[in-house]
Amino acid sequence: MYWADALVENLNGTQLISTGISPSGPIHVGNMREILTGDILYKASLDKKLESRFIYLCDDLDPLRKVYPFLDASYSQYVGMPLSYIPAPEGDGKYSDYFLKPFLETLKKINVNVEVISTTGLYREGKLAEAIDIAMNHREEIAKIMHDVAGYDIGPEWYPYEPRCSKCGKINSSTVTKYENPYAYYKCKACGNEDKADIRKDDGKMPWRVEWPAKWYALGVTIEPFGKDHAAAGGSYDTGKEIAAKIFKISPPVPLMYERILLKGVGVMHSSTGVAITASEVTTFAPPEILRFLIARNDPGRHIDFDPGMGLLNLIDDYEKMERAYFGLDESNNENFKRIYEMSRIKILDAPEKINFRHIVTLIQIYRDDNSFFSALKRSGYDKDQIDDYLKNEIVIAKYWLSKYAPENIKFSLTDKQFLLTDDQRSILQEFLDKLASVEWTSDSIHTVIYDIIGDRKLTPKDVFTLFYRVFIDKDKGPRLGYFLSSMDKNYVVDRIKSLIQNDSTQ
């Protein structure tokens with residue numbers, strides 16, 4: 001059974017699937033495992049006919065931890081202040097909104113429909129006030145849980161609340177000195193200010209390990225995916241479920257731990273270090289369903305290596321094969337392929353897309369003008385009178401991928417360079433021309449002709465393929481040869497080979 005269906009199989013009643021990401025910097029591909037895992041679980045619960053909601057908690061009351069590499073030095077003055085109270089790196093908006101906006105735009109592109117809830121708003125509207133009061137009145141019990149489960153030694157003066165200083169604005173430097181509902185009295189260690197914070201407002205926040213179960217309590221969360229760092233022994237889920245049960249008297253959400261997405265050749269992505277590819281960037285160099293497919297096809301407990309180069313092209317191939325299998329045109333060795341495809345697709349199709357992405361990548365490097373490109377598309381089986389919006393977008397994406405992420409062995413341009421042929425090379429090319437007279441100009445037919453030549457002459461595919469690549473792109477490697485040759489006008493292919501043979505014979 002598909003992993004998302006297995007998780008919701010025995011659930012009943014109303015479900016609230018919750019996810020959360022702090023907008024402390026650009027939201028990257030690694031972060032997308034959180035939101036897309038939640039979205040897939042949400043869709044699985046709807047398919048089971050469960051009344052369900054799906055929320056994304058934007059942790060914008062979290063403090064700025066440090067001056068990240070993508071910020072200028074002036075941001076040192078804002079360290080410790082909530083993200084929702086800091087100016088954006090550009091423009092007039094807030095810091096948190098600056099990084100949230102492109103993320104939300106990406107969610108629309110990849111068909112994620114989620115309720116966005118600001119944590120600042122939750123505090124400001126008093127929706128966490130009851131939970132804060134409960135925590136403040138049970139601080140000794142919470143401290144004991146933190147000690148017993150996580151090994152934290154918390155002093156008797158500790159309160160599960162972090163006031164936002166009314167003078168310097170920092171939210172991680174004040175110490176609560178007294179609590180009388182609804183006020184937490186405090187002293188700021190950074191500026192010496194003494195004041196009181198109203199727990200019914202965003203005058204402060206709970207520390208993460210208390211805030212997490214408090215959100216479960218206040219919002220009624222029933223399912224929540226989270227990363228392996230939270231799932232470690234003694235981690236925030238372990239303390240959270242104890243606090244939920246013993247302090248808030250609720251059952252913790254059904255958990256789903258997911259592994260990280262690693263950037264191939266680099267490792268774990270962190271926006272704080274600048275080592276990451278943003279989620280919004282991915283939709284500029286890959287079709288939108290591919291980001292969903294990356295998450296949907298992998299069991300959450302397995303880490304994912306994301307390769308924006310050749311790995312991406314192979315990933316798109318895998319998606320297109322699964323799409324064809326879904327429509328009964330190919331077979332799949334994955335028993336969950338239908339469910340994976342349903343969780344990956346952006347729109348419901350009556351039939352698979354006819355032009356695959358790899359073929360588009362090849363065509364746009366052969367044909368520089370729209371008319372020639374469209375003619376080649378028609379030869380490939382494109383049956384529309386004009387290029388539709390979907391294909392236009394695919395072309396834009398392919399061009400961007402080629403310019404920024406494609407490996408060199410994928411890039412090419414046609415050549416008219418002349419070079420001397422060996423007797424064997426001349427013979428191979430001449431035999432190819434002779435056989436073309438009775439062959440249909442399709443990738444499969446061309447592929448068969450070339451392999452017949454290889455077999456008859458007892459050659460290696462590499463020797464013959466390299467010859468053809470040198471003839472047309474002056475490289476040792478190139479696109480899949482049958483597709484590549486069939487993508488070009490037959491007369492051009494014949495004339496190019498003849499020119500080499502004839503030029504060679506005059507030397």
Does [X] have its ring centroid less than 6.0 Å away from the ring centroid of [Y]?
| X | Y | answer |
| --- | --- | --- |
| Phe226 | Tyr237 | yes |
| Tyr367 | Phe373 | no |
| Tyr78 | Tyr75 | yes |
| Tyr68 | Phe70 | yes |

**Asked** Can you tell me how far the CD atom of Glu130 sits from the CD1 atom of Ile199, to the nearest 0.5 Å?
**Response**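 One finds 10.0 Å between CD of Glu130 and CD1 of Ile199.
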Counting only N and O atoms by type, is there a donor-acceptor contact under 3.5 Å from the side chain of [X] to the main-chain atoms of [Y]?
| X | Y | result |
| --- | --- | --- |
| Lys475 | Lys411 | yes |
| Asp388 | Leu391 | yes |
| Thr19 | Ile55 | yes |
| Gln77 | Ser74 | yes |
| Gln15 | Gly13 | yes |
| Ser52 | Leu50 | yes |
| Gln365 | Leu402 | no |
| Asp5 | Tyr2 | no |
| Arg358 | Asp317 | no |
| Trp216 | Glu211 | no |

Check this for me: does any side-chain nitrogen of one of [X] and [Y] sit under 4.0 Å from a carboxylate oxygen of the other?
| X | Y | result |
| --- | --- | --- |
| Lys264 | Asp305 | no |
| Asp97 | Lys101 | no |
| Arg297 | Asp318 | yes |
| Arg124 | Asp203 | no |
| Arg345 | Glu289 | no |
| Lys392 | Glu394 | no |

Determine whether the side chains of [X] and [Y] contain a donor N or O and an acceptor N or O closer than 3.5 Å.
| X | Y | result |
| --- | --- | --- |
| Asn193 | Ser166 | yes |
| Asp202 | Thr120 | no |
| Thr119 | Asp60 | no |
| Ser236 | Arg209 | no |
| Asn137 | Asp133 | yes |
| Glu194 | Tyr186 | no |

Please find the pair of heavy atoms, one from [X] and one from [Y], that lie closest to each other, and give the distance.
| X | Y | result |
| --- | --- | --- |
| Pro225 | Tyr258 | C-CE2, 3.8 Å |
| Pro89 | Tyr95 | CD-CD1, 4.2 Å |
| Ile261 | Val29 | CD1-O, 3.5 Å |
| Ser487 | His359 | OG-CE1, 2.7 Å |
| Ile27 | Phe99 | CD1-O, 4.1 Å |
| Ile340 | Ser344 | O-OG, 2.7 Å |

Heavy atoms of other groups near [X] [atom1], more than 12 under 6.0 Å:
| X | atom1 | value |
| --- | --- | --- |
| Arg368 | CZ | yes |
| Tyr483 | OH | no |
| Lys127 | NZ | no |

By side-chain contact (heavy atoms from CB on, under 4.5 Å), which residues pair with [X], not counting sequence neighbours?
| X | result |
| --- | --- |
| Lys144 | Asp148 |
| Val396 | none |
| Lys246 | Ile145, Glu242 |
| Asp92 | none |

**Asked** So which pairs with a foot in residues 101-141 pass ring pair (Phe, Tyr, Trp, His ring centres under 6.0 Å), sequence neighbours left out?
**Response**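 Every pair satisfying ring pair (Phe, Tyr, Trp, His ring centres under 6.0 Å) with a residue in residues 101-141: Tyr56-Phe103.
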**Message:** Strictly by ring pair (Phe, Tyr, Trp, His ring centres under 6.0 Å), give each pair with a member in residues 288-308 just once, sequence neighbours left out.
**Reply:**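 Matches after skipping sequence neighbours: Phe293-Tyr319.
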**Asked** Going through the checks in order, is the side chain to side chain contact (heavy atoms under 4.5 Å, CB included) test met by Thr362 and Phe412?
**Response** CA-CA 9 Å; Thr362 298; Phe412 68 86; 4.1 Å; yes
For [X], which residues count as a side-chain hydrogen bond (donor to acceptor under 3.5 Å, both in side chains) partner, sequence neighbours excluded?
| X | value |
| --- | --- |
| Glu141 | none |
| Asn393 | none |
| Tyr42 | none |

**Asked** How far apart are the C-alpha atoms of Ser45 and Leu11, what are their side-chain angles, what is the distance that settles it, and do they pass the side chain to side chain contact (heavy atoms under 4.5 Å, CB included) test?
**Response** CA-CA 9 Å; Ser45 66; Leu11 298 181; over 6 Å; no
**Item:** By salt bridge (Lys or Arg N to Asp or Glu O under 4.0 Å) - contacts of Lys417 (at least two apart)
**Value:** Asp474
Side-chain atoms of residues 169-177: list all donor-acceptor pairs with protein atoms under 3.5 Å, sequence neighbours left out, distances to 0.1 Å.
residue, atom, partner, partner atom, Å
Lys170, NZ, Val79, O, 2.5
Thr177, OG1, Tyr185, O, 3.2

**Prompt:** Which is it for Glu259 and Ile304 under the side chain to side chain contact (heavy atoms under 4.5 Å, CB included) test, yes or no, and what are the steps along the way?
**Reply:** CA-CA 8 Å; Glu259 270 282 0; Ile304 297 173; over 6 Å; no
**Prompt:** Quick one: does NZ or CZ of Lys321 land under 6.0 Å from the six-membered ring centre of Phe337, within 45 degrees of the ring axis?
**Reply:**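 Checked: cation-pi criterion not met.
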**Request:** Name the orientation class of the two ring planes belonging to Tyr326 and Tyr341 (parallel below 30°, tilted from 30 to 60°, perpendicular beyond 60°).
**Result:** tilted
**Message:** Please verify the inter-ring angle class for Tyr217 with Phe248; under 30° counts as parallel, over 60° as perpendicular, anything in between as tilted.
**Reply:** parallel
**Request:** Kindly determine whether Leu71 and Lys66 satisfy side chain to side chain contact (heavy atoms under 4.5 Å, CB included), including the steps that lead there.
**Result:** CA-CA 10 Å; Leu71 300 175; Lys66 63 180 181 179; over 6 Å; no
**Asked** In chain order, what residues pass the ring-ring contact (aromatic ring centres under 6.0 Å, His included) check against Tyr85, with sequence neighbours excluded?
**Response**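 Residues passing ring-ring contact (aromatic ring centres under 6.0 Å, His included) with Tyr85: none at all.
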